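Before any comments, here is the structure.
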Amino acid sequence: PSTSATPTPRLSPRSRLRIRRPESDQAWHPGAMDSISTGVVVVGAGIAGLSAADRLTANGVECLVVEARDRVGGRLLSEPLAGHPGAWIDQGGQWLGPTQDHAYALAARLGLTTMPTHVIGDKLLVFNRKASRYQGRLPTLPPVALADVGQAQWRFDRLAATVDLAHPWRTPRAHDLDAQTFETWIRHTARTKSGREFFRVAAEAVFATEAANISLLHALFYARSGGRLEALLSSDGGAQQDRVIGGMQQLPQGLSDLLGDRVLLDFPVESIRQRDHGVVVRSGAREIDAGFAIVATPPATTSAISFDPPL
């Protein structure tokens, strides 16, 4: 595949690949009993797995990407809006912002353009089961609650600044930070009911889950990666600053198109077995022998894979 920055035509989020056996003209059908070999097998055709395969091929390493679904993109999914030609809805990740330099570079490489998120007008906040409109950077909260949010956010950002981004497990007191949930930290740090609820809403907005479902260390690592917590919650100058025209799924689809026959869809991995010479990745009657495996799937999906020896 090409690794130049030459723009490519607009990519359709729903386009499909015709899967062929690498180095062969014989089609490798999803139900075929077969075994093939490669240098590295990447499990998961989301943006992480496809980016890994792109880097490998750019450095002359043979690889295959296997994906359980019938599409690429993982948690990036763009759908056309019925009745509105040219309009789309991103049902997964949908924004780009400062510090996400690699994603911006990939969009430029694929010939895609971005547009700023619409931020003109009132903002709508549903807080404590009540809807309210506000303008400016912060919602309208009682002065005591605002002060509480401010002191808790200062403590959170100060703690996040200690995280080792390259090796989070080497962060000072990493074990203690990972042993408690973000919810536990909220209860111990925010002094008011409104302050605690603010951070719970922030967790749902940023992490797409409740604060009780993630560790404090993960929350700190994530915030540190994006600069600080406020940046993750902001549009202009923050993580929600821009959108890709045509949908975010064009990023993984573009990488998949560049990788071509190296991407195998409808390949749900059941087991990964380590041998002296490498690994064997199995899906039904199909096997891939490789020197190495990169597992680029979410934890819930990874837990469904049988590893030998166990991880």
Side-chain angles (χ1 to χ4, degrees), residues 1 11-79 91-93 208-209 247-311:
L11 304 166
S12 170
R14 302 301 294 173
S15 64
R16 293 286 303 278
L17 294 173
R18 184 181 181 187
I19 306 307
R20 290 184 179 276
R21 180 202 302 260
E23 311 295 340
S24 171
D25 291 331
Q26 178 182 356
W28 198 36
H29 302 290
M33 296 181 65
D34 215 338
S35 178
I36 56 177
S37 299
T38 189
V40 178
V41 58
V42 180
V43 181
I47 191 68
L50 292 167
S51 295
D54 182 57
R55 292 287 295 275
L56 289 169
T57 56
N59 286 277
V61 179
E62 282 299 319
C63 69
L64 288 175
V65 181
V66 295
E67 167 60 42
R69 298 177 180 178
D70 64 353
R71 65 169 180 86
V72 301
R75 288 177 282 188
L76 298 182
L77 176 61
S78 305
E79 296 278 8
Q91 300 192 50
T209 190
M248 282 287 285
Q249 194 181 356
Q250 292 176 109
L251 295 180
Q253 185 63 58
L255 286 174
S256 178
D257 289 347
L258 292 174
L259 291 166
D261 294 344
R262 295 178 177 87
V263 180
L264 307 179
L265 302 180
D266 298 306
F267 195 108
V269 172
E270 299 169 358
S271 65
I272 300 177
R273 184 157 44 104
Q274 188 170 352
R275 293 179 173 178
D276 292 338
H277 69 275
V279 296
V280 176
V281 176
R282 187 177 182 87
S283 175
R286 297 169 294 172
E287 289 187 348
I288 299 177
D289 281 289
F292 301 91
I294 297 176
V295 180
T297 54
T301 304
T302 305
S303 65
I305 300 174
S306 173
F307 292 90
D308 180 20
L311 294 181

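Worth saying up front: this structure is predicted, and the values here are computed from it rather than measured.
A heavy-atom distance below 4.5 Å is not found between the side chains of L50 and L251. E79 has its side chain out of reach of Q249: every pair of non-hydrogen atoms, C-beta onward, lies at least 4.5 Å apart. Contact of the L255 side chain with the I47 side chain is registered, since non-hydrogen atoms from C-beta on lie closer than 4.5 Å. The side-chain heavy atoms of L77 and R71, taken from C-beta on, include a pair separated by under 4.5 Å.
Scanning both residues, L56 and C63, for their nearest heavy atoms gives CD1-CB, 4.1 Å. Of all the heavy atoms in P252 and L76, the pair that sits closest is CD-CD1, 3.7 Å. The minimum heavy-atom distance linking F267 with L264 is given by the pair CB-O, 3.9 Å. Residues L265 and D70 approach most closely at CD1-O, 3.5 Å, considering heavy atoms. Nearest heavy-atom pair across S78 and M248 is OG-N, 3.2 Å.
Expressed to the nearest 0.5 Å, how far CZ of R275 lies from CG of D289 amounts to 6.0 Å. Between I305 atom CD1 and L311 atom CG the span is 9.0 Å, to the nearest 0.5 Å.
Residue pairs satisfying the side-chain hydrogen bond (donor to acceptor under 3.5 Å, both in side chains) criterion with at least one member in residues 301-311, sequence neighbours excluded, are listed as follows: T297-T302.
Among L259, V65, V281, V66, the single residue meeting the side chain to side chain contact (heavy atoms under 4.5 Å, CB included) criterion with V42 is V65.
Using a distance-only test at 3.5 Å, with no hydrogens or angles considered, no donor-acceptor pair links the side chain of T38 to the main chain of A290. Side-chain atoms of R75 never come within 3.5 Å of backbone atoms of G46 as a donor-acceptor pair (strictly under, hydrogens ignored).
Contacts of R282 classified as side-chain hydrogen bond (donor to acceptor under 3.5 Å, both in side chains), with partners at least two apart in sequence or in another chain: E287.
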Query raised in the report: Can you check side-chain contact (heavy atoms from CB on, under 4.5 Å) on L64 and I36, steps first, answer last?
Result: CA-CA 10 Å; L64 288 175; I36 56 177; 3.4 Å; yes
